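Presented below is the structure to which this report refers.
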2 protein chains.
Amino acid sequence: MKSPKDITIYDIAKALDISPATVSRGLKDHPGIRKDTKKKILEAARQMGYQHNTFARNLRIKKTNTIGVIIPRLNSYFMSTVIAGMEKIANERGYMLLISQTQESAKKEIASVNTMFNSRVDGLLVSLAFDTENIEHFDAMLKKEIPIIFFDRVAEHTKCTSIVINNIKAGYDATMHLIDQGCKRIAYVGGSLKRNVYADRLKGYKQAHAERGVAIDPALTIINTLSEQAGSEAAQQIMQMNPLPDGIFTANDTSAVAIIRELKFAGISVPEQIAVVGFNNDPISWVIEPNLTTIHYPGQEMGEIAATTLINTINNLPAANLNTLVLRHSLIIRQSSQRKK
Amino acid sequence: MKSPKDITIYDIAKALDISPATVSRGLKDHPGIRKDTKKKILEAARQMGYQHNTFARNLRIKKTNTIGVIIPRLNSYFMSTVIAGMEKIANERGYMLLISQTQESAKKEIASVNTMFNSRVDGLLVSLAFDTENIEHFDAMLKKEIPIIFFDRVAEHTKCTSIVINNIKAGYDATMHLIDQGCKRIAYVGGSLKRNVYADRLKGYKQAHAERGVAIDPALTIINTLSEQAGSEAAQQIMQMNPLPDGIFTANDTSAVAIIRELKFAGISVPEQIAVVGFNNDPISWVIEPNLTTIHYPGQEMGEIAATTLINTINNLPAANLNTLVLRHSLIIRQSSQRKK
DNA sequence: GTGAAAGCGCTAACAT
DNA sequence: ATGTTAGCGCTTTCAC
């Protein structure tokens with residue numbers, strides 16, 4: 001396990017009979033170092049097998065060029081797309097990504113924040129776990145002025161930027177569409193109301209009903225984990241309802257697809273008997289039959305914007321001091337909700 | 001951007017009127033430090049807001065507790081599942097994950113390796129890009145005895161462990177199944193033959209044909225990027241063939257689904273006219289109609305095993321010095337390939 | 001059980 | 001244009 005021994009700038013300095021400082025400068029294009037000296041240094045470094053020591057540098061300059069990413073889960077289409085966007089930007093701007101999953105647990109989230117803190121990340125990109133109650137665990141970082149950006153599942157904080165879509169409007173759009181298709185009893189299936197995304201979508205659902213003067217039966221609201229399994233169970237629950245709902249708006253596509261499958265299996269026709277609208281525009285939404293009406297959620301773009309904003313903030317660049325950034329969403333109407341020609 | 005000032009072990013030492021060495025020891029359960037001293041130190045650390053400095057420590061002990069992950073793309077079901085598995089294990093064992101995407105480019109792969117090298121990761125988990133020709137860019141790390149594990153898209157190297165499934169057998173299983181269903185002209189759609197996974201699956205395809213004495217028309221082999229777009233194009237190409245193939249084996253499910261959609265759109269019935277088998281057991285495989293026959297690829301498990309093996313190697317634990325680890329795959333037969341009752 | 005002191009490899013202010 | 005020097009914060013050997 002032990003390496004022969006690392007080459008340092010001192011070794012190069014000695015070999016070339018110059019000072020370590022000059023080597024350090026030569027290695028990084030410092031202005032005011034002769035061309036030939038620089039060339040000599042680079043050449044020596046290369047052939048001695050010199051490897052830059054990032055730690056020593058970090059220790060010295062107190063900057064890591066590393067961004068921490070804390071997310072509930074990595075393995076969903078939406079999240080992997082977001083991360084892909086973040087990685088792209090980070091890579092372009094010379095930052096590395098340190099990634100940690102909370103598995104939807106507040107406890108793990110706290111642990112992750114602490115690890116990131118100790119790793120001295122330059123900034124944090126966070127989407128909150130289902131059951132996170134407050135965001136005090138970020139206080140230590142904020143006190144040190146380490147910028148934190150929340151995305152998707154966000155928290156209100158005067159010092160942090162949030163990047164979201166307008167979930168209220170999206171919920172409103174989805175629900176209004178169902179109402180326009182003639183639905184009178186629309187079920188809502190969503191995740192924990194502690195999280196803005198689900199609370200807001202429910203709000204939009206209510207707004208749409210209110211605006212059209214349609215009463216809401218509270219029994220039609222189901223809160224679950226939005227997993228495939230949970231979707232199937234929700235479908236069972238819905239099919240027990242009497243009278244049967246004639247529309248379902250659910251807060252992700254995984255759930256929507258699971259529900260449609262159960263309904264079809266039970267011989268209930270979609271959209272004729274029950275119209276369904278999902279959320280995210282996951283690839284499965286255009287594979288399921290009938291194709292799923294859903295809200296397009298720009299994941300890659302959200303990742304890119306989050307990373308860009310964070311890096312700009314870290315470097316005190318302009319356009320950094322925003323409170324909230326709202327991306328555009330759109331309702332994609334497909335067959336699963338269309339009852340009218 | 002400037003923090004008030006970090007608390008160090010010296011500050012704690014001064015406050016408690018003891019030495020920094022004692023503080024350092026107290027902070028980490030060093031045997032041979034009095035219980036009450038330790039308690040005093042921990043208490044002071046807590047209330048002074050002490051934050052451990054990982055860099056200084058790394059610099060000192062030359063270990064980072066960080067694992068580098070280099071992959072083609074993050075945003076596929078398979079890869080995000082793998083990463084989720086890795087993160088789980090890394091987290092449990094106190095390691096962090098540094099992730100980088102090559103976007104299928106060898107050039108970016110080389111850059112990533114260098115960054116990881118400079119970041120002094122303790123080990124590397126790698127799945128190769130489409131067009132990587134050789135693996136010399138890993139030599140510097142290997143020379144320093146930094147362990148590297150390849151998974152999925154691997155390369156032969158005496159010093160590295162590879163984690164794979166038996167792609168030849170998987171390709172054989174898929175093809176043999178199609179032959180058993182009565183297919184006589186089976187097309188193969190796969191990715192770059194520079195990568196073991198695609199070359200091996202093609203090999204299996206050929207083996208199955210050879211074993212049954214069925215001749216192969218080379219015109220039936222299509223090499224592309226396996227994207228959705230590429231899948232649609234492959235379908236177009238296949239539909240031009242005369243005579244039409246009666247079976248398609250394609251190396252991922254994204255491609256398979258795109259192909260099925262095109263075929264259906266063109267009025268070709270699946271599986272009656274053309275039977276289709278995919279690869280990966282992506283969620284879309286059981287949503288598409290007809291449900292897709294595919295090879296189950298244990299992504300999460302592969303990620304967990306890769307991470308476990310790497311961490312064991314880093315720590316010189318037993319069972320670490322393996323050359324190749326082969327995980328179990330299985331053929332999942334669904335409707336897209338079933339012609340017989 | 002605790003302390004003194006020497007570095008880990010690099011950078012940057014200051015000097016030349 | 002280059003050199004000197006003083007740390008960054010921590011660990012650890014060797015003393016006591």
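Numbers restart at 1 for each chain; the letters A, B, ... are given by sequence-line order, proteins then strands. Just so you know, these numbers come straight off a predicted model, no measurement behind them.
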Original post:
Across the strands shown, which category fits B:Ile9 at heavy-atom distances under 4.0 angstrom: base, sugar-phosphate, nothing?
Top reply: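 Base contact.
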Between side-chain atoms of residues 72-81 of chain B and protein atoms elsewhere (two or more places apart, or another chain), which donor-acceptor pairs fall under 3.5 Å?
residue	atom	partner	partner atom	Å
B:Arg73	NH2	B:Gln103	OE1	2.9
B:Ser76	OG	B:Met79	N	3.1
B:Ser80	OG	B:Ser76	O	3.0
B:Ser80	OG	B:Tyr77	O	3.2
B:Thr81	OG1	B:Tyr77	O	2.6

With sequence neighbours excluded, what pairs up with [X] under the side chain to side chain donor-acceptor pair (under 3.5 Å) test?
X	answer
B:Thr324	none
A:Lys28	none
A:His137	A:Glu109
B:Asp36	B:Arg34

Please write out the pairs of protein N or O atoms and N or O atoms of nucleotides 6-8 of chain C separated by less than 3.5 Å, giving the distance to one decimal.
residue	atom	partner	partner atom	Å
C:dG7	N2	B:Arg60	NE	3.3
C:dG7	N2	B:Arg60	NH1	2.9
C:dC8	O3'	B:Lys62	NZ	3.3

How would you list all residue pairs meeting salt bridge (Lys or Arg N to Asp or Glu O under 4.0 Å) that involve [range], not counting sequence neighbours?
range	value
residues 149-165 of chain A	A:Glu104-A:Arg153
residues 129-141 of chain A	A:Glu133-A:Lys194
residues 86-99 of chain B	B:Lys88-B:Glu92, B:Lys88-B:Glu304

For [X] and [N], what is the distance between atoms [atom1] and [atom2] respectively, to the nearest whole Å?
X	N	atom1	atom2	value
A:Asp11	C:dG9	CG	P	8 Å
A:Ile33	C:dT16	CD1	P	19 Å
B:Ile12	C:dT2	CD1	C1'	16 Å
B:Leu16	C:dG1	CG	C1'	15 Å
A:Arg57	D:dC8	CZ	C1'	13 Å
B:His52	D:dC10	NE2	P	7 Å
A:Asp17	D:dT4	CG	P	10 Å
B:Lys63	D:dT12	NZ	P	12 Å

Original post:
Got a sec? Which of residues 20-31 of chain B come in under 4.0 Å of DNA chain D, heavy atoms?
Top reply: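 Going residue by residue through residues 20-31 of chain B, the ones with a heavy atom under 4.0 Å of DNA chain D turn out to be B:Ala21, B:Ser24, B:Arg25, B:Lys28.
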Subject >> DNA chain D contacts made by residues 42-50 of chain A, counting heavy atoms under 4.0 Å >> reply: none
Original post:
Can you list the residues that meet the ring pair (Phe, Tyr, Trp, His ring centres under 6.0 Å) rule with A:Phe150, with sequence neighbours excluded?
Top reply: A:Phe138
Original post:
Charged N to carboxylate O under 4.0 angstrom, A:Lys40 versus A:Glu43?
Top reply: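 The answer is no: the pair does not qualify as a salt bridge.
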Original post:
Which heavy atom of A:Asn323 sits nearest a heavy atom of A:His157, and at what distance?
Top reply: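 Scanning both residues, the minimum pair turns out to be ND2-O, 3.8 Å.
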